[in-house]
**Student:** 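Okay, here's the structure, questions in a sec.
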Amino acid sequence: MIIKNVELETVCGITSKLPENIHPEFAFAGKSNVGKSSLINALMNRKSYARTSSQPGKTQTINFYHINDALYYVDLPGYGYAKVTLAVKEKWGKMIENYLQKSPMLKMVFLLIDIRHEPSANDKMMYDWIVHNGYRPVIVATKLDKINRSQIQKHVKMLRTGLGMEKEDVLIPFSAETKQGREEIWELIEGQMAD
């Protein structure tokens with residue numbers, strides 16, 4: 001996919017109304033600090049368009065990035081470690097749920113999980129929740145460069161088993177450092193757009 005232009009078009013807070021987009025949307029979910037901004041930057045071919053932070057919980061809004069005037073990458077707030085109150089977390093949950101249930105243009109949900117660790121309770125909950133909302137999430141196993149090549153298969157199996165994935169469900173190991181996995185993600189996005 002050749003990225004010609006990128007624009008952060010809409011930022012939805014807790015009280016905002018969702019935009020009525022006419023182009024397909026591809027959403028990215030994952031716990032705080034899993035590498036969501038890094039993945040979105042890699043997919044946009046930009047170094048730091050989506051703000052990356054070492055401080056978990058930086059994304060507190062739903063951010064719509066308009067790509068090539070043809071599609072949207074939708075960055076959902078991270079879950080898990082963010083140092084925010086339970087009340088705020090519940091509002092974020094409602095905001096994400098509202099988006100998953102109401103956006104007519106949402107084509108696919110990518111769920112990012114750190115390849116190094118067993119899926120957390122939050123990861124499992126998010127996975128089940130996305131499935132419950134009628135989507136088969138594509139798992140992006142991030143931080144691939146942090147494990148040895150010889151461990152990849154073992155870790156992939158650990159994630160698939162830990163999440164209870166079906167055989168046909170897609171899992172893509174990804175590294176923000178080497179960009180491994182980026183082409184496969186683009187192919188999935190392009191395939192959905194062709195439908």
Side-chain angles (χ1 to χ4, degrees), residues 11-14 25-44 48-65 73-101 103 106 108-133 135-147 151-152 154-165 169-177 180-182 185 188:
V11 175
C12 281
I14 284 162
E25 296 168 1
F26 296 87
F28 297 87
K31 76 177 167 212
S32 305
N33 252 9
V34 73
K36 214 150 34 72
S37 300
S38 300
L39 170 67
I40 291 171
N41 284 326
L43 290 173
M44 293 194 292
S48 56
Y49 202 94
R51 282 196 300 272
T52 57
S53 164
S54 57
Q55 185 191 352
K58 197 78 184 134
T59 308
Q60 303 192 6
T61 49
I62 299 180
N63 298 336
F64 290 80
Y65 295 96
Y73 293 159
V74 183
D75 187 3
L76 301 173
Y79 55 83
Y81 295 123
K83 292 191 177 98
V84 292
T85 63
L86 197 59
V88 171
K89 278 186 189 163
E90 280 172 5
K91 283 185 180 144
W92 284 358
K94 286 216 167 41
M95 188 161 79
I96 296 171
E97 185 168 37
N98 182 41
Y99 172 68
L100 289 178
Q101 290 175 347
S103 174
L106 179 57
M108 191 176 262
V109 181
F110 292 92
L111 178 58
L112 282 66
I113 296 185
D114 188 329
I115 197 165
R116 297 172 297 179
H117 310 296
E118 292 258 353
S120 67
N122 276 327
D123 289 331
K124 288 196 187 90
M125 202 162 74
M126 192 69 188
Y127 177 82
D128 292 341
W129 198 38
I130 295 168
V131 170
H132 175 74
N133 277 292
Y135 296 93
R136 297 298 318 175
V138 172
I139 304 302
V140 178
T142 60
K143 307 189 192 274
L144 177 62
D145 45 278
K146 306 267 193 276
I147 62 170
Q151 296 178 298
I152 296 172
K154 189 179 100 180
H155 283 254
V156 163
K157 189 166 186 259
M158 172 180 84
L159 292 188
R160 291 190 81 96
T161 308
L163 291 169
M165 292 173 72
D169 288 342
V170 180
L171 183 150
I172 300 173
F174 173 78
S175 161
E177 293 294 311
Q180 186 182 334
R182 180 172 66 178
I185 296 169
L188 285 177

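When a residue number appears, it is its place in the shown sequence, counting from 1.
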**Student:** What heavy-atom pair brings Arg136 and Tyr127 nearest, and what distance separates the two atoms?
**Tutor:** NH2-OH, 3.4 Å
**Student:** Could you please spell out the steps behind the side-chain contact (heavy atoms from CB on, under 4.5 Å) verdict for Arg160 and Asp169?
**Tutor:** CA-CA 9 Å; Arg160 291 190 81 96; Asp169 288 342; 4.2 Å; yes
**Student:** Evaluate the side-chain contact (heavy atoms from CB on, under 4.5 Å) criterion for residues Val109 and Asn133: first the C-alpha distance (whole Å), next the side-chain angles of each, then the deciding distance (0.1 Å), finally the verdict.
**Tutor:** CA-CA 11 Å; Val109 181; Asn133 277 292; over 6 Å; no
**Student:** Check Asp145 against Ala176 and note the closest heavy-atom contact, atom names and distance.
**Tutor:** OD1-N, 4.1 Å
**Student:** Looking only at heavy atoms, what is the nearest atom pair of Val34 and Thr142, with distance?
**Tutor:** O-OG1, 2.8 Å
**Student:** May I ask you to check whether Ser38 and Asn41 show a side-chain donor-acceptor distance below 3.5 Å?
**Tutor:** no
**Student:** Is the closest side-chain heavy-atom distance between Glu25 and Val74 below 4.5 Å?
**Tutor:** yes
**Student:** I'd like to know if the side chain of Asn98 and the backbone of Met95 have a donor-acceptor N/O pair within less than 3.5 Å.
**Tutor:** no
**Student:** Quick check: closest heavy atoms across His155 and Arg116, and the distance to 0.1 Å?
**Tutor:** CE1-O, 3.6 Å
**Student:** For the CG atom of Leu163 and the CD1 atom of Ile113, what is their distance to the nearest 0.5 Å?
**Tutor:** 4.0 Å
**Student:** Does any N or O in the side chain of Thr61 come within less than 3.5 Å of the main-chain N or O of Val11, such that one atom is a donor and the other an acceptor?
**Tutor:** no
**Student:** May I have the step-by-step check of side-chain contact (heavy atoms from CB on, under 4.5 Å) for Phe174 and Leu144, ending in yes or no?
**Tutor:** CA-CA 6 Å; Phe174 173 78; Leu144 177 62; 5.7 Å; no
**Student:** Find the distance between CG (Asp128) and CG (Asp123) and round it off to the nearest 0.5 Å.
**Tutor:** 11.0 Å
**Student:** Restricting to non-hydrogen atoms, name the atom on Asp114 and the atom on Lys143 that form the minimum distance, rounded to 0.1 Å.
**Tutor:** OD2-CD, 3.4 Å
**Student:** Can you tell me how far CE of Met126 sits from NE2 of His132, rounded to the nearest 0.5 angstrom?
**Tutor:** 12.5 Å
**Student:** Look at the rings of Phe110 and Phe26 and say which category their plane angle falls in: under 30° parallel, 30 to 60° tilted, over 60° perpendicular.
**Tutor:** tilted
**Student:** Find the distance between OG1 (Thr161) and CD (Glu118) and round it off to the nearest 0.5 Å.
**Tutor:** 8.5 Å
**Student:** Under 3.5 Å, is there a donor-acceptor pair between the side chain of Ser103 and the main chain of Tyr99?
**Tutor:** no
**Student:** Does the side-chain contact (heavy atoms from CB on, under 4.5 Å) test come out yes or no for Leu39 and Ile185, once each step is laid out?
**Tutor:** CA-CA 10 Å; Leu39 170 67; Ile185 296 169; 3.8 Å; yes
**Student:** Going from CD1 on Ile152 to CD on Gln180, what distance comes out if it is rounded to the nearest 0.5 angstrom?
**Tutor:** 6.0 Å
**Student:** Indicate yes or no: at least one non-hydrogen side-chain atom of Leu43 is less than 4.5 angstrom from one of Phe28.
**Tutor:** yes
**Student:** Does Leu76 offer a backbone N or O that forms a donor-acceptor pair with the side chain of Lys36 under 3.5 Å?
**Tutor:** yes
**Student:** What pair of heavy atoms forms the shortest contact from Leu159 to Ala141, and how long is it?
**Tutor:** CD1-CB, 3.7 Å
**Student:** Could you give the distance from CD1 (Ile130) to CD (Glu97), rounded to the nearest 0.5 Å?
**Tutor:** 12.0 Å
